[in-house]
Amino acid sequence: MIHCRIQQALQSAVAAELPDADLSRVLVRPCDPKFGDYQSNALMALAKQRKMNPRELAAAVERRLDVGEWCDSVEIAGAGFLNFSLRPAAVAAQLQAAARGEHLFFVPSSTPRTVVIDFSSPNVAKPMHVGHIRSTILGDALARVLRLLGHRVIADNHIGDWGTQFGMLLLGWKTQLDESALATHPIDEMERLYKAVNSDESLRDAARAELVKLQSGDEENRAIWQRMIELSQEQFDTIYNRLGVGFDYTLGESFYNDALVGVIAELEEKNIAEESEGALVVKFTDDPKLKKQPAIVRKSDGAANYTTTDLATLEYRQREWSPDEILYVTDGRQQLHFQQLFAIHKRWKPEVVANLVHVWFGSILSHDRTPYKTRSGEVVRLSALLNEAEERAFTVVTEKNADLDEAARREIARVIGIGALKYADLSNNRQSDYIFDWDKMLALQGNTAPYLQYAYTRVRSIFRKGDIENIDASAIILNELEELALAKHLLNFGQVLENVAAEYRPNYLCNYLYELAGHFAAFYEACPVLKAGDEKQSRLLLCDLTARVMRQGLAVLGIEVSEQM
RNA sequence: GCGCGCGUAGCUCAAUUGGAUAGAGCGCUGGCCUCCGGAGCCAGAGGUUGUGGGUUCGACCCCCGCCGCGCGUACCA
């Protein structure tokens, strides 16, 4: 990609001028069009370190710089910026290469990594709810982006299939199970059982006894527990199918049960953990931020907790897959837990160099800025949320396109509704809390999925209308400002994907696609396509590449497109 | 108390290693249909980036203080 080549050329020039410079910080970025197409501000920082005059350094580097193949001019501006302006011919060559199928403005990573992504993690015997949506959607989008860039991704669903709640569930199952309710609405029935037992103090000991039996391998309880997992997995699969989300593994908490004792023993042996108030804890005396809060790895009743399970999980993943990176896509409220986890792991397995990252996100809020709930104050189930998204989209589609038959409208509504829901989440900075708003996410204007999907159908419509099958990409003409701006924007797709992968922020891609739609709209208004003369094939190519980038970009966000809306 | 995070236009949100005149949508004002999907496009108004200092050629971004909000803070995950 041109951007990359310019950056490499700049790095070579800097290396020649300043042999000891840190080239990893010598970067080239897209910039405000009034300055050019790309900009580097790296020389100002380098000059500062060395107490040099930044403009003189820029001039010296510029003399060594050879980017004539791609750039019309390189200018030194302001305090020492280097501004690059692309040659239209170089832009055209990129478009032609894309037309030949050589690339779609990105290239696979030259250093592929193995990345484990831990996301979604719903609980057995409970409904999936709005609290699972960000993790599921964000984790899936990151998995898709990383895969597209050539990385080896292992998506692992660490479901909650173990814990004290099973004592209550088992007791309820044995004493007050409604078989027919279980057959029709298994999740509701299991939730009912849990609530019934949990609300009755007098059943506490009996529930506890069922838990102990389960833990000691009692056959009947194991069988019931297995059944609960199966029923829950059916629910998960239904939701994941609707969302188009997939996993490579579903290794829940119970998978690590047998390893917990060993983990605890090792932490004791290595003097990482110590007794305190009846529990076994890890203290972080040398870490100013963590010293106040020890982490419990064995409760005073002898049971392990999630820190222990996560350590065992980490050890398994390391042994099994040797990842370069493990991503935990969870709520920001678990930050302390992951800081502790990573700190313990570093002491426990100092030889492991995998990059452990807590990819955390904010909360979904109602308009009153309290956690998003139903009107009656209950958690919103994911199934209901998806239904409503599709239903609302169906209403809009029917309004706008009543002549399509219902099946077609349902299918379009599915694509739009689910897409809107996902995009609303992904287009925000993941660390921000955001306010859930149906009208905003389904709007056809602004930075929304329906707007982007609509932009896609407008392009496709040109091809339908013109009955176009093949494009002759031999003559690219980029005379109009709008053509050139659109073409240049297409060139930046790959860099945006890399930024998403580097910071685990899909909203960068959302912004890019929204800008792409904007550039296309301007082009579409200013430049007739089907009625064009010499430019027709060139413009068709711009349309086609826009559609392909839009479709691919949305696809890695987990969002589908429709030919018509 | 301590820790983490947040505070950007009336509202909802962006802002890519510290980079150039902080950008969108909604709402408001005003334009554009002999034209490929008007579910669209263009323009205008709207900002002391909570606040006071500091570092820097340059700060929404880094450092210190203060105000406000959210979350976490020993046996849930």
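By convention in this document, chain letters (A, B, ...) are assigned in the order of the sequence lines, proteins followed by strands, and residues within each chain are numbered from 1.
- The listed nucleotides are B/G38, B/U17, B/A14; the one nearest the side chain of A/Tyr524 is B/G38.
- A straight line from CZ of A/Arg333 to P of B/A77 spans 16 Å, rounded to a whole angstrom.
- Counting non-hydrogen atoms under 4.0 angstrom, A/Phe35 reaches a base of the nucleic acid.
- At the heavy-atom level, A/Leu27 lies under 4.0 Å from base atoms of the strands shown.
- Proximity of A/Ser432 to the phosphate of B/A14: a side-chain N or O atom is located under 4.0 Å from OP1 or OP2.
- Neither OP1 nor OP2 of B/C13 sits under 4.0 Å from any side-chain N or O of A/Asn511.
- Among the heavy atoms of the strands lying under 4.0 Å from A/Ala79 is at least one base atom, whether or not backbone atoms are also near.
- For the atom pair A/Arg539 CZ and A/Phe523 CZ, the distance stands at 6.0 Å (nearest 0.5 Å).
- At B/G38, one or more side-chain N or O atoms of A/Arg458 fall inside 4.0 Å of OP1 or OP2 (strictly under the cut-off).
- Taking a cutoff of 4.0 Å between a charged side-chain nitrogen and a carboxylate oxygen, A/Glu275 and A/Arg298 qualify as a salt bridge.
- Under the Watson-Crick and G-U wobble criteria, each requiring two contacts below 3.5 Å, nucleotide B/A9 is left unpaired.
- Put simply, A/Asn429 has a side-chain N or O that comes within less than 4.0 Å of OP1 or OP2 on B/A15.
- Pairing partner, B/U29: B/A43, with both Watson-Crick or wobble hydrogen-bond distances short of 3.5 Å.
- Once the 5.5 Å centre distance and the 30° plane angle are applied, the aromatic ring of A/Phe81 is found stacked with the base of B/A20.
- Here the side chain of A/Met565 is nearest to one of B/A14, B/A77, B/A39, namely B/A39.
- An OP1 or OP2 oxygen of B/U12 is reached within less than 4.0 angstrom by a side-chain nitrogen or oxygen of A/Arg369.
- Comparing the same atom, C1', in B/A15 and in B/G23 gives a spacing of 7 Å after rounding to whole Å.
- Phosphate contact (OP1/OP2 of B/C4, side-chain N/O of A/Lys289, threshold under 4.0 Å): present.
- Here B/C26 presents its P atom at 17 Å from CG of A/Asn428, a figure rounded to the nearest Å.
- Spacing of P atoms, B/G31 relative to B/A20, comes out at 35 Å, to the nearest Å.
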